[in-house]
Amino acid sequence: MTSDGVRTVDTREQLDTLLADHERVLVMVRTAGCTICKSMSPILDGVARTTDATVVEFNPRTDLDAVADFAVRSVPTFLLFVDGELVDRRADGFVPSEDLTAFAASD
């Protein structure tokens with residue numbers, strides 16, 4: 001289990017570094033004004049504490065190419081990476097704690 005808590009990145013380069021350094025990474029793509037994203041913060045903290053996933057909040061405001069690369073159409077969008085590869089995604093708004101924990105642990 002990780003004890004690092006939720007990490008924040010602002011650029012694709014920072015995200016790519018985390019993906020290279022960690023086996024399982026759950027990324028929440030968000031924007032500063034997203035109220036649903038803000039409400040997800042305590043849930044992300046729980047996922048970081050209870051799973052082996054590295055949990056990341058990514059606000060790509062300065063790296064809009066990343067939005068296109070990951071086909072983000074709405075926020076929050078959750079991206080699950082295993083060994084640096086995108087293996088799953090969710091873009092259905094608020095996700096309850098149990099569901100996000102299961103998503104982060106899935107293959």
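The first residue of the sequence shown is numbered 1, and numbering continues consecutively from there.
To the nearest 0.5 Å, atom OG1 of residue T8 and atom CD of residue E57 are 5.0 Å apart. Here the straight-line distance linking atom CD of Q14 with atom CG of D63 works out to 9.0 Å at 0.5 Å rounding. Rounding to the nearest 0.5 Å places OG1 of T35 at 12.0 Å from CE of M40. For the atom pair N59 CG and T11 OG1, the distance stands at 11.5 Å (nearest 0.5 Å). Going from atom CG of L100 over to atom CG of L44 covers 6.0 Å, rounded to the nearest 0.5 Å.
Taking all atoms of both residues into account, the shortest heavy-atom contact from L86 to F81 is N-CD2, 3.5 Å. In terms of heavy-atom proximity, F58 sits nearest to V27 at CB-CG1, 3.7 Å. Across R30 and S41, no two heavy atoms sit closer than the pair NH1-OG, 4.2 Å. The nearest pair of heavy atoms linking S106 to R24 is O-NH1, 2.6 Å. Nearest approach of G93 to F78, heavy atoms of both residues: O-CE1, 3.9 Å. When all heavy atoms of A104 and L80 are compared, the pair lying nearest together is O-CD1, 3.8 Å.
Clustering ILVMFWY residues whenever any of their side-chain heavy atoms sit less than 4.5 angstrom apart, transitively, puts V6 in the very cluster that holds L26. Under the 4.5 Å side-chain heavy-atom criterion for ILVMFWY residues, a single connected hydrophobic cluster contains both V55 and F94. Under the 4.5 Å side-chain heavy-atom criterion for grouping Ile, Leu, Val, Met, Phe, Trp and Tyr, V25 is not connected to V47 through any hydrophobic cluster. In terms of hydrophobic clustering, with Ile, Leu, Val, Met, Phe, Trp and Tyr side chains grouped at heavy-atom distances under 4.5 Å, M28 and V95 are assigned to a common cluster.
Remark: side-chain polar atoms of T101 are not paired, donor with acceptor, to backbone N or O of E98 under 3.5 angstrom. With hydrogens and angles ignored, the 3.5 Å screen pairs a side-chain donor or acceptor of T17 with a backbone N or O of E13.
The pair R12-D69 meets the salt-bridge criterion, since a charged nitrogen lies less than 4.0 angstrom from a carboxylate oxygen.
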Please step through side chain to side chain contact (heavy atoms under 4.5 Å, CB included) for the pair R7 and L18, ending with a clear verdict.
-> CA-CA 10 Å; R7 300 171 188 218; L18 278 173; 3.2 Å; yes
